[in-house]
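Below: one structure, written as structure tokens.
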2 protein chains.
Amino acid sequence: MPENFAHNLKDLKLKATPKRLAILSLLAEELSYASPEEVWRKLRRNFASIGLPTVYRNLEDLANGGLITKVIHPNRQLYYYFCPNSHHHHHFICLSCRKVEDINFCGMEEIEKKVDGTVLSHIVQVNGLCRDCAESHGGTP
Amino acid sequence: MPENFAHNLKDLKLKATPKRLAILSLLAEELSYASPEEVWRKLRRNFASIGLPTVYRNLEDLANGGLITKVIHPNRQLYYYFCPNSHHHHHFICLSCRKVEDINFCGMEEIEKKVDGTVLSHIVQVNGLCRDCAESHGGTP
DNA sequence: ATTGTAAATAGAAATGATTTCTTTTTAGAA
DNA sequence: TTCTAAAAAGAAATCATTTCTATTTACAAT
């Protein structure tokens with residue numbers, strides 16, 4: 001499973017620009033979710049000029065293409081996560097350290113049958129504290 | 001199952017103010033989710049002065065108390081829904097007409113066991129088009 | 001009934017994450 | 001190389017949501 005981001009982008013009809021590739025590899029190195037501004041700050045190390053709007057747009061495009069996933073956060077800000085896991089699954093996110101664990105379970109097949117309408121998307125996300133954070137500051141994010 | 005909102009509020013240690021009660025009955029009459037501004041516009045019919053911040057604050061407090069539920073919307077704006085159904089369940093929301101259907105299924109028990117950490121909350125929501133909307137404008141929200 | 005007090009509210013103002021706009025640059029097909 | 005649609009910069013705007021302060025109110029305790 002070689003990480004061929006350029007190829008992934010081409011499949012999505014997105015140009016493999018250096019900044020897109022950098023965003024992908026940057027996120028791929030993280031075990032936690034990141035905000036657009038955090039991504040932007042890191043990109044500035046490698047790019048003399050990089051606009052925050054570019055980061056927002058690219059993160060959104062990459063998420064729409066399914067290469068990264070959005071995290072729904074109680075604080076209503078945007079966060080994104082690169083998940084190498086390619087099959088359908090969901091996430092447990094730590095509200096404190098932002099670590100993400102995969103949840104390899106989704107009852108959506110059962111649910112879709114019962115719905116009286118057309119399903120376009122679904123959200124399943126579990127929020128909490130990872131084991132480490134729960135132990136170190138027992139309960140409060 | 002008499003709707004005794006005043007009592008519900010007291011249980012939450014929230015004062016049963018006329019505006020809170022009005023927000024609750026207003027939402028309880030709807031089969032669909034509403035935005036803070038929409039709630040505010042309707043309240044203005046009955047209250048000479050009612051501030052938008054009051055509506056925001058109350059909707060948030062009522063949702064935190066579990067009397068109403070938040071809807072996670074792709075457009076990232078806030079929406080709230082009053083659900084008379086008291087047992088744990090989730091929702092199928094129509095992105096077009098905003099109607100809500102109950103989903104009486106939640107795999108969270110299974111999921112919680114697998115998570116390596118402390119679960120604080122979870123989101124399960126199915127987005128799509130209700131039967132009526134799917135038929136009338138087949139596919140686009 | 002009356003009073004006292006914490007909670008709730010109005011109204012104005014601020015906020016700030018996100019988006020939009022216009023111009024310039026670039027990736028990649030031809 | 002050339003061409004063209006897509007991507008990006010940079011500045012500016014947006015606008016839903018929140019914050020702030022003074023005033024009012026619900027309701028528990030007289």
Side-chain angles (χ1 to χ4, degrees), chain A residues 4-26 33-65 67-68 70-80 98, chain B residues 4-26 33-65 67-68 70-80 98:
Chain A
N4 190 337
F5 293 140
H7 187 84
N8 296 148
L9 289 171
K10 182 171 281 188
D11 287 347
L12 294 173
K13 304 226 164 61
L14 295 175
K15 290 183 181 175
T17 68
K19 284 163 189 177
R20 276 196 186 127
L21 294 168
I23 289 175
L24 281 171
S25 27
L26 188 159
Y33 51 93
S35 72
E37 187 166 340
E38 286 159 356
V39 171
W40 175 64
R41 282 204 295 265
K42 290 189 179 175
L43 287 173
R44 284 206 292 185
R45 297 172 190 165
N46 305 319
F47 294 94
S49 82
I50 169 94
L52 195 44
T54 297
V55 178
Y56 271 91
R57 188 171 0 88
N58 277 323
L59 289 171
E60 181 67 14
D61 293 344
L62 295 173
N64 286 338
L67 292 187
I68 62 178
K70 271 189 200 186
V71 168
I72 309 284
H73 201 280
N75 73 7
R76 299 177 43 68
Q77 292 187 201
L78 289 170
Y79 295 94
Y80 295 88
R98 302 192 184 173
Chain B
N4 191 339
F5 293 139
H7 188 83
N8 296 149
L9 289 171
K10 182 172 282 188
D11 287 347
L12 294 173
K13 303 225 163 64
L14 294 176
K15 292 185 180 174
T17 68
K19 282 161 189 178
R20 277 197 184 126
L21 294 169
I23 289 174
L24 281 172
S25 27
L26 188 159
Y33 52 92
S35 73
E37 187 165 340
E38 286 158 356
V39 171
W40 175 64
R41 281 204 293 266
K42 288 187 180 176
L43 287 172
R44 285 208 291 184
R45 297 172 190 164
N46 306 318
F47 294 93
S49 82
I50 170 94
L52 197 43
T54 296
V55 178
Y56 270 91
R57 188 170 3 84
N58 277 323
L59 289 171
E60 183 67 13
D61 293 344
L62 296 173
N64 285 338
L67 292 187
I68 62 178
K70 270 189 202 189
V71 169
I72 309 283
H73 201 278
N75 72 8
R76 300 179 37 74
Q77 293 187 199
L78 289 170
Y79 294 94
Y80 295 89
R98 302 192 184 172

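What you see below is based on every heavy atom in this structure, not just the backbone, and it leaves out hydrogens, waters and symmetry mates. Lettering of chains follows the sequences in order, A, B, ..., and the numbering in each one begins at 1.
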| query | Sequence neighbours excluded, which residues qualify as side chain to side chain donor-acceptor pair (under 3.5 Å) partners of B:Arg44? | reply | none
| said: If I compare all heavy atoms of A:Phe47 with all of A:Ala22, which pair ends up nearest, and what's the gap? | reply: CE1-CB, 3.6 Å
| request: Could you tell me from which nucleotide to which nucleotide of DNA chain D, 5' to 3', there is an atom under 4.0 Å from chain A heavy atoms? | output: D:dA5 to D:dT17
| task | Mind grabbing the angle between the end helix axes of the helix from C:dA1-D:dT30 to C:dA30-D:dT1? Five pairs an end, 10° rounding. | result | 50°
| Per-nucleotide protein contact string for nucleotides 12-19 of chain C, where B marks a base within reach and S marks sugar-phosphate only (heavy atoms under 4.0 Å, - for neither) | B----SBB
| request: Look at all strands and tell whether B:Arg57 reaches a base, only sugar-phosphate, or nothing, counting heavy atoms closer than 4.0 Å. | output: base
| Under a 4.5 Å cut-off applied to non-hydrogen side-chain atoms, are B:Leu14 and B:Asn8 in contact? | no
| task | Determine the interplanar angle of the B:His73 and B:Tyr79 rings, folded into 0 to 90°, and report it as parallel if under 30°, tilted if 30 to 60°, perpendicular if over 60°. | result | tilted
| task | Identify, with sequence neighbours excluded, every residue that meets side-chain contact (heavy atoms from CB on, under 4.5 Å) alongside B:Leu21. | result | B:Phe5, B:Ala6, B:Leu9, B:Ala16
| field | Partner residues of A:Arg76 under the side chain to side chain donor-acceptor pair (under 3.5 Å) criterion, sequence neighbours left out | value | none
| said: Distance check needed: C:dA8 C1' versus B:Leu59 CG, whole Å only. | reply: 15 Å
| field | Non-neighbouring partners of B:Lys19 that pass side chain to side chain donor-acceptor pair (under 3.5 Å), sequence neighbours left out | value | none
| Summary of protein contacts for nucleotides 23-30 of chain C, nucleotide by nucleotide, where a base hit scores B, a sugar-phosphate-only hit scores S (4.0 Å, heavy atoms) | ----BSS-
| field | Residues forming a side-chain contact (heavy atoms from CB on, under 4.5 Å) with A:His7, sequence neighbours excluded | value | A:Asn4, A:Asp11
| request: To the nearest 0.5 Å, tell me how far B:Leu24 CG sits from B:Leu62 CG. | output: 5.0 Å
| field | Residues that A:Ser35 engages under side chain to side chain donor-acceptor pair (under 3.5 Å), provided they are two or more places apart | value | A:Glu38
| Whole Å only: how far is the NZ atom of B:Lys13 from the C1' atom of C:dT5? | 17 Å
| Pairs where residues 46-63 of chain A contributes a residue and the test side-chain hydrogen bond (donor to acceptor under 3.5 Å, both in side chains) is met, not counting sequence neighbours | A:Arg20-A:Asn58, A:Glu60-A:Lys70, A:Glu60-A:Tyr80
| said: Within the structure provided, determine whether A:Leu12 and A:Leu67 are in side-chain contact (heavy-atom separation under 4.5 Å). | reply: yes
| request: Write down the atom of B:Pro36, the atom of B:Leu78, and the distance for their closest heavy-atom approach. | output: CD-O, 3.3 Å
